[in-house]
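A note on names: the letters A, B, ... follow the listed sequences, proteins ahead of strands, and every chain is numbered from 1. Predicted, not measured: the structure shown is a model, and the values here were computed from it.
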Amino acid sequence: MNAKNILYCGICSFPPEYCEFGLSFNRCKQWLSENNSELFNQLYSDEALANATSTLSLEKEEKISKDLLKKQQKEEARVERELAKKLQSKVTIKRIERNKRKHIISITGLEVFDIELKKLSKTFSSKFATGCSISKTADKKDEILVQGDLSDEAKVFIENLLKEKGLNEVKVEQIDDKKIKKKAAATGAPA
Amino acid sequence: MFKKFSKEDIHSRSNIKSSVQRGLKSNFVDTYPGLEPIIDDIIPKKSQAILIKCEDKIQLYSIDNEIVLFQHFDDLVPTLKIVHKYSDCFPKVQVDRGAIKFVLSGANIMCPGLTSAGGNLPEENLEKDRIVTVYAEGKEHALAIGRLLMSSDEIKSKNKGHGIELIHYLGDGLWNLQE
């Protein structure tokens, strides 16, 4: 006996026949029609929908589908909100002077984008050959501390990272912690 | 069991010895005799299984970055991905359409959902504490795995209260766990 090949929905990860019970039914439907029209027709053609009656009373069925619809709408609103939040938030790269010639940079605001800080810190330390650690800032947010003045390099790296996730609009801001508050992002920080 | 389960519940991961892996394999086949012809596909002979120890004495076994089965005390349970692939090897029960919604939010399965017109219990008797895969009316694939809280004959005769304790279902923490 061979293993069955199962297609899972790209949106909610369920087998497509269970999408209707998931929280993102509309998007699942769209995904399926784009990716596997055969199965889509099988599941959502008028004929199939007519056959999908169950042994339950109509009343009960109606109630269940109403509840589900409500939940799905809620979920959709939540997804939208989250995306808006993502687009609004920004990443801050702060350069902190340790003594006259030495700096560290602190990167905050990444946790909104589902980036794993621990992995990123490892990548940083191997890519830039420096020490890199995660700590909490005063207002209980996670930050990544990188030794050395790498704010330009880190900026490019994070921008690429965000681009991969399809979040081009997100701003990456560079700040110098030495009185001069903000610098134009284009010019970059002086050495 | 996995309703609230995330990466934070994982304590340690380690490779297991090949002798332990052999024992695990034979245990797994003993629990589910239908697996015998295909066990080498699920757990290949030369593979390296990884043991992932979690909160509440749950142990997951992963092969090739995919969690294949898990163990809670003496119960060996396959994950739903494996059940989907080799669906004929495990005892099946079926619930009616009205129950799907509740099962997918992690509820235990009540007897009437199994005995009504949309539900289905196998002809032969399944004893208490058997691990069964749960299917749904009009659907092809399994949606959950649970343990019988009473024998299937008892479910038919009593027809009241909890019949199956839900262990693992579509969309729970284990399902969503990315390796």
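Annotation for B:Lys17: atom NZ does not count as buried by contact number, only 12 or fewer foreign heavy atoms lying within 6.0 Å. At most 12 non-hydrogen atoms from other residues, nucleotides or ligands lie less than 6.0 angstrom from CG of B:Asp64. Within a 6.0 Å sphere centred on NZ of B:Lys92, other residues, nucleotides and ligands contribute more than 12 heavy atoms. In A:Glu80, the CD atom is not crowded: 12 or fewer heavy atoms of neighbouring residues, nucleotides or ligands sit closer than 6.0 Å.
The cluster map of Ile, Leu, Val, Met, Phe, Trp and Tyr, joined by side-chain heavy atoms under 4.5 Å apart, puts B:Ile42 and B:Ile16 in the same cluster. Clustering ILVMFWY residues whenever any of their side-chain heavy atoms sit less than 4.5 angstrom apart, transitively, puts B:Ile155 in a cluster other than the one holding B:Leu149.
Taking CD of A:Glu17 as the reference point, atom NE2 of B:His141 lies at 5.0 Å (rounded to 0.5 Å). Between atom SG of residue A:Cys12 and atom CG of residue B:Asn176 there is a gap of 10.0 Å, rounded to the nearest 0.5 Å. Residue A:Ile6 holds its CD1 atom at 9.0 Å from NZ of B:Lys85, rounded to the nearest 0.5 Å.
The ring-ring contact (aromatic ring centres under 6.0 Å, His included) search around B:Phe28 returns B:Tyr32, not counting sequence neighbours.
If you check the side chains of A:Tyr8 and B:His84, you find a donor sitting under 3.5 Å from an acceptor.
Nearest heavy atom pair, residue A:Tyr18 against residue B:Ala136, reads OH-CB, 3.8 Å.
Side-chain atoms of B:Lys139 and A:Phe21, non-hydrogen and from C-beta on, do get closer than 4.5 Å to each other. For the pair B:Leu143/A:Pro15, no side-chain contact is recorded, criterion being any heavy-atom separation below 4.5 Å from C-beta on.
Within the 4.5 angstrom heavy-atom criterion, only side-chain atoms of B:Leu104, from C-beta onward, approach chain A. Neither the backbone nor the side chain of A:Asn5 comes within less than 4.5 Å of any heavy atom in chain B.
Salt-bridge formation is detected for the pair A:Glu20/B:Arg97: a Lys NZ or Arg NE/NH1/NH2 atom is positioned less than 4.0 Å from an Asp or Glu carboxylate oxygen.
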